[in-house]
Amino acid sequence: MNKPRNLTIYNSLSGQKEPFKPLHENRVGMYVCGPTLYSEPHMGNMRTFINFDMIYRYLLFLGYDVKYVRNITDAGHITNSAGEAVDSIGKAAKLEQVQSLEIVYKYNVKFQELQRLYNMLPPSIEPTATGHIQEQIEIIEQILANGLAYVVNGSVYFDVKTYSERFEYGILSGRKVDELEEETRTLNAQDEKRFFADFALWKKANPDDMQIWRSPWGDGNPGWHIECTAMSTKYLGAKFDIHGGGLDLKFPHHEDEIAQSCGSAGENPANYWMHANMLNVNGQKMSKSLGNYFLPKEIIEGSTTVFDKPYSPNVIRFFMMQAHYRSTLDFTSDALNAAEKGYNRLTEALKLLPSLPESAENSHDAESWAAECYRVMSDDFNTPMLIAQLFEAAKWINSVNDGKASMTAESKQLLLTTMQAFVTQVLGLTIEENRSNDGLVDKVMEVVLELRKTARENKDWASSDKIRDHLAAAGITVKDGKDGATWSAQP
RNA sequence: GGUCUCGUGGCCGAGCGGCUAGGCAGAGGUCUGCAAAACCUCGUACAGCGGUUCGAAUCCGCUCGAGACCUCCA
């Protein structure tokens, strides 16, 4: 079956779904804003990365040659609206009595581990901000040369007012420069900026900064937004296909990236801007400052007090895939439990599929079923609908197993390849095997079930149930079917 | 205060003008020594009030409620 590629993507720039047309036939350039590594990423951070992992996977699955760039922010200087420099990495470093890069290294190791745990494909490259100081300086110089920035006292600021005479500031977030002024609540008079909406491209160093770089304007640190412009330009060019990130980065971060690109190269860097929605806890965004967060590791280990049991990374991923990437998702114990059961039902059906009896007839249409899988995923990556579709297949499979429906060998093959592909390659789930790889265990189980069978034939229910109960206590489930008993073990 | 998003059955969560996803939980049934699993049947939900329409959860207006961004944030 040919993979249809009539993909549509919701573009934050236009606020609607658009047919996806890559700049270069068959090739896609995608940049996603990665983590700032001053602490361990929490589950909310992971949701964005997992969603873009799914998007990356589906693009690959459709046969695109994708270059996926996701940065790592390891330079700390960020300037808030009041003009104060906030060095979150330096702050964490001082708290922990170590150097900034040591902090970043430490949390990057954890982040890489989490990527593996949650089965995320590694991006094509994960460039760091500190590794691209020169590139950032060059872009700032370009913006200065274009007359869209100014130097004050060793710092460089982007000139939003002049910029908005030539380009549209607020094109992504829908903000108007005139309105912005009135919106601002507190304005610090100490500001070096000419206009409050101006933002730092380069910030003069403070004496106690832990990271300082040389620049044409003196020692200092790059502004927050410039690293993404520098790295996306370096690895994907001035114009590429998709730029993604969390919804909370839409303004000001992405808006300023657009301004920097227009201000240096003269054009919006990406054709499609995609934003993944937030992970909520009790209706509120998970965030550090609210303290309502938990760590990806804690959920797997069951060490958070929020949930009374651990959940496997597959269940977490499956749970996330049951919601659309543009919707908020509430993390609750009930929802997670429901996802766990659903995930098990789906994977059990998939495991059952190869052993299904084949008929001359079909009770369902496998072709149109498969086509629907592609259709819904190509409609702005609608994973919840894909999962609903997968459950339709699960029902068919179980019915065939019960002798209540039929499936031809051809349909079986189509179902098998399609389901496996969508479950493992696209959704990024791994199928947890029932049987151990240890042939010894299989043999032992064979003996145990044989003994139990004898007991059952003698109607010795006490022995039969004892074996079943004890195995259950050991995490092994025995199911009695028409053709004898089968077993499965919880990992 | 400004900009924007959202309110769907017990819970989670799709759909976004007619054909009323899906999962979990619940009820009944089939199967079974019992159980588990699986399958079948069952809930007619779309915040409220108006309006547009032959027809609205889906479009428009108002009201109420929740949230996001405007400071760092995935």
Side-chain angles (χ1 to χ4, degrees), chain A residues 15 32-36 38 41-52 78-84 86-88 91 170 173-176 179-186 197 224 244-253 255 275-280 283-290 318-319 322-324 326-346 348-349 352 376 382-392 394-395 397-405 456 459-461 464-465 468-469 472 477-482 485-486 488:
Chain A
V32 172
C33 292
T36 303
Y38 60 91
H42 62 236
M43 213 57 233
N45 301 318
M46 294 300 285
R47 161 129 116 129
T48 297
F49 303 134
I50 288 173
N51 271 143
F52 280 103
I78 289 159
T79 309
N80 66 24
S81 72
E84 307 156 26
V86 181
D87 179 2
S88 42
K91 244 172 157 173
S173 59
R175 272 158 234 269
K176 303 267 180 285
E179 287 170 7
L180 272 169
E181 189 149 30
E182 297 155 25
E183 291 166 16
T184 308
R185 291 165 299 192
T186 51
W224 174 33
L247 190 59
D248 51 356
L249 295 183
K250 198 170 175 183
F251 188 88
H253 185 59
E255 194 67 63
H275 292 95
N277 216 135
M278 303 290 100
L279 185 65
N280 285 180
Q284 269 195 315
K285 175 184 168 183
M286 179 181 282
S287 74
K288 285 244 141 150
S289 47
L290 286 170
F318 180 78
F319 171 64
Q322 274 192 306
H324 189 86
R326 281 192 287 117
S327 300
T328 54
L329 174 64
D330 240 274
F331 231 65
T332 64
S333 190
D334 283 350
L336 243 25
N337 286 337
E340 183 169 54
K341 292 199 174 179
Y343 168 76
N344 286 336
R345 196 160 91 80
L346 185 62
E348 286 304 317
L352 192 58
V376 298
N382 199 325
T383 53
M385 285 193 79
L386 170 66
I387 289 173
Q389 196 60 20
L390 292 172
F391 274 111
E392 292 300 326
K395 192 172 277 188
I397 291 165
N398 286 325
S399 293
V400 171
N401 190 46
D402 283 2
K404 290 171 181 166
R456 296 183 74 213
K459 298 200 187 299
D460 177 7
W461 309 126
S464 156
D465 290 351
R468 188 173 65 198
D469 293 346
T477 310
V478 175
K479 294 178 196 170
D480 292 321
K482 276 179 184 160
T486 57
S488 61

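In what follows, chains carry the letters A, B, and so on, assigned in the order in which the sequence lines appear, proteins first and then strands, with residues in each chain numbered from 1.
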Pairing partner of [N] (Watson-Crick or G-U wobble, both distances under 3.5 Å):
N	value
B:rG50	B:rC60
B:rC6	B:rG65
B:rC72	none
B:rU32	none

Looking at the base of [N], is there any donor atom on it, or on the side chain of [X], that sits under 3.5 Å from an acceptor on the other one?
X	N	result
A:Asp480	B:rC34	yes
A:Arg175	B:rC4	no
A:Ser464	B:rG33	yes
A:Arg345	B:rA38	no
A:Asp465	B:rG33	yes

Query raised in the report: Okay, side chain of A:Asp330, backbone of A:Gly283: is any donor-acceptor separation there less than 3.5 Å?
Result: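 Yes; judged by distance alone, with no hydrogens or angles, the pair exists.
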Report task. Please check if the side chain of A:Ser399 supplies one atom and the backbone of A:Lys395 the other of a donor-acceptor pair under 3.5 Å. Result ->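 Answer holds: yes.
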Between [X] and [N], does any side-chain N or O lie under 4.0 Å from OP1 or OP2?
X	N	answer
A:Lys341	B:rG23	no
A:Asn277	B:rU5	no
A:Ser173	B:rC70	no

Nucleotide nearest [X] when distance is taken to its side chain, options [options]:
X	options	value
A:Pro384	B:rG13, B:rA74, B:rG23	B:rG13
A:Lys395	B:rA36, B:rC34, B:rC40	B:rC40
A:Gln284	B:rG33, B:rG67, B:rC69	B:rG67
A:Ala338	B:rG13, B:rG23, B:rA35	B:rG23
A:Asp402	B:rA74, B:rC39, B:rC11	B:rC39
A:Lys479	B:rA21, B:rA37, B:rA14	B:rA37

To the nearest angstrom, how far is [X] atom [atom1] from [N] atom [atom2]?
X	N	atom1	atom2	result
A:Phe319	B:rG13	CZ	P	6 Å
A:Leu352	B:rA37	CG	P	15 Å
A:Phe318	B:rG23	CZ	P	10 Å
A:Arg326	B:rC16	CZ	P	10 Å
A:Asp330	B:rC12	CG	P	7 Å

Requested in this report: Determine, answering yes or no, if A:Trp461 is stacked on B:rG33 under the 5.5 Å centre rule and the 30° plane rule.
Outcome: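 Check passed, A:Trp461 stacks on base of B:rG33.
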